[in-house]
Protein chains: 2
Amino acid sequence: YPGTYGALTPAANDPMWGYFTAIAGQDGEVDAMELQRCLTQSGFTGTYSPFSLETCRIMIAMLDRDFTGKMGFSEFKELFVALNGWKQNFTMFDRDRSGTVEHHELTQAISSMGYRISPQALNAIIKRYNKGGRIYFDDYVACCVKLRALTDHFKRRDTMHQGSVHFGYDDFILCTMAI
Amino acid sequence: YPGTYGALTPAANDPMWGYFTAIAGQDGEVDAMELQRCLTQSGFTGTYSPFSLETCRIMIAMLDRDFTGKMGFSEFKELFVALNGWKQNFTMFDRDRSGTVEHHELTQAISSMGYRISPQALNAIIKRYNKGGRIYFDDYVACCVKLRALTDHFKRRDTMHQGSVHFGYDDFILCTMAI
Ligand SMILES: [Ca+2]
Ligand SMILES: [Ca+2]
Ligand SMILES: [Ca+2]
């Protein structure tokens, strides 16, 4: 009977577990190429173009707290929750279904996620992520991933909630280069 | 005679000026797609694979102090100086001419550029930029661009040279999201 062959882990009861192990392969973790294949095959991006390897790498970096460059099961699930949120958000603000959001749409999308960012910083973000004035879904997700990871790093250090943080050089490089 | 049609700008005497204007086109500035085309056609990467659009975007972001997403002539020349340095550096550390550098080679390359980075931060950087354990020239340049831009941002704020900086949230996001 069950139990004889070792206790079932909670993960094994999870409907996503089988899916995860199939993608992860032998090493039991998902790297950027495996993630890209999985998101392409699952049709996650729908009518939008598939994710670039670059975006897959920063998705993993966002959750990769131990810097292995790979994702375990709990991170994998966490990523899907975040991705679903960003996809909903993108679809909502891409009103004409062009597959892109424009300047004012991105401004709305970012503020709807609760970020408070100055027009100057928003402008810099748009300049960085647009192609011909439009922001595609792939770049939108890359932008959301970075914004979330950087904000998390900042908040974790802003223990007094003063909106201001002290960074040593090495810590600054560690936080910002990994993303 | 010269002068009748307006004073010659110093740029017009520069041997690179004609090349720049041909690439820049009507708007007189070089964007990421124009830069990618130019670096591919010029054969800059040689036997290495051409630069991704992503790397071209962050090359521009590094020098784009007014956040227009484009490069003028002086930035264009500055970029070529930096690129030549990185290419030399890469070729020097890629001893077996595999077109990639590995963990210890990147460590040497980065310290040869004068950066002092802890093993933990270096490890995070390698995890972020490697593909299958190897770092390709395209990603190497992306890494160098980011490291330089982030270090510049840090230094500009570290006026007392204490190796420690105060960041407000918006300033932190502006510095780090644009790259
Ligand atoms: Ca749209
Ligand atoms: Ca142009
Ligand atoms: Ca090599």
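Not measured: the values here are computed from a predicted model. Order of the sequence lines fixes the chain letters, A, B, ..., with proteins taken first and strands second; residue numbering starts at 1 for each chain.
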Worksheet item: So which part of B:Arg116 gets closer than 4.5 Å to some heavy atom of chain A, the side chain, the backbone, both or neither?
Response: backbone

Worksheet item: Side chain, backbone, both or neither: which part of A:Asp139 has an atom under 4.5 Å from a heavy atom of chain B?
Response: side chain

Practice prompt. Using side-chain hydrogen bond (donor to acceptor under 3.5 Å, both in side chains) as the criterion, list what pairs up with A:Asn123, not counting sequence neighbours.
Written response: none

Worksheet item: Using non-hydrogen atoms only, which part of B:Thr151 is less than 4.5 Å away from chain A: side chain, backbone, both, or neither?
Response: both

Practice prompt. Kindly indicate, with the supporting measurements, whether the criterion side-chain hydrogen bond (donor to acceptor under 3.5 Å, both in side chains) is fulfilled by A:Glu105 and A:Thr107.
Written response: CA-CA 5 Å; A:Glu105 294 171 336; A:Thr107 306; over 6 Å; no

Worksheet item: Side chains of B:Ser112 and B:Asn89: donor-acceptor distance under 3.5 Å anywhere?
Response: yes

Worksheet, complete the sentence: On a heavy-atom basis, the closest approach of A:Gly99 and A:Phe90 is O-CZ, 3.5 Å

Worksheet, complete the sentence: Taken to the nearest 0.5 Å, the spacing of A:Thr40 OG1 from A:Phe51 CZ works out to 9.0 Å

Worksheet, complete the sentence: With chain B, the option among A:Arg57, A:Lys127, A:Lys146 that has the most non-hydrogen atom pairs under 4.5 Å is A:Arg57

Worksheet item: What distance do B:Ser52 atom OG and A:Glu54 atom CD have between them, rounded to the nearest 0.5 Å?
Response: 7.0 Å

Practice prompt. Report, as yes or no, whether the 6.0 Å neighbourhood of atom CD on A:Gln120 holds more than 12 heavy atoms from other residues, nucleotides or ligands.
Written response: no

Worksheet item: Hey, which residues of residues 172-179 of chain A are touching chain B, say heavy atoms under 4.5 Å apart?
Response: A:Phe172, A:Ile173, A:Leu174, A:Thr176, A:Met177, A:Ala178, A:Ile179

Worksheet item: How many angstroms lie between atom OG1 of A:Thr55 and atom OH of A:Tyr136, to the nearest 0.5 angstrom?
Response: 14.0 Å

Worksheet item: Can you tell which of A:Ile126, A:Leu122, A:Asn130, A:Asp171 has the highest number of heavy-atom pairs within less than 4.5 Å of chain B?
Response: A:Asn130

Fill in: Part of residues 70-86 of chain A lying next to chain B, heavy-atom separation under 4.5 Å
none

Item to complete: Would you please go through residues 22-33 of chain A and name the residues with a non-hydrogen atom below 4.5 Å from one of chain B, in numerical order?
Response: none

Worksheet entry | Note: A:Arg37-A:Glu34 ion pair, threshold 4.0 Å (strictly below) | no

Fill in: Reported CZ-to-CG distance for the pair B:Phe93 and B:Leu106, which is rounded to 0.5 angstrom
9.5 Å

Discussion item. Suppose we call two aromatic rings close when their centres sit under 6.0 Å apart. Are B:Phe154 and A:Phe167 close by that rule?
Written reply: no

Item to complete: Examine whether an atom of B:Asp158 lies under 4.5 Å from a heavy atom of chain A, and if so say whether it belongs to the side chain, the backbone or both; otherwise answer neither.
Response: neither

Worksheet item: Hey, mind stepping through B:Asp94 and B:Tyr140 against side-chain hydrogen bond (donor to acceptor under 3.5 Å, both in side chains) and telling me if it holds?
Response: CA-CA 11 Å; B:Asp94 174 22; B:Tyr140 179 80; over 6 Å; no

Worksheet item: Which distance, rounded to the nearest 0.5 Å, do you find between the NZ of A:Lys155 and the OG1 of A:Thr159?
Response: 14.0 Å

Worksheet, complete the sentence: In terms of heavy-atom contacts, A:Ile125 and A:Cys143 come closest through CG2-SG, 3.6 Å

Worksheet item: Side chain, backbone, both or neither: which part of B:Tyr129 has a non-hydrogen atom closer than 4.5 Å to chain A?
Response: both

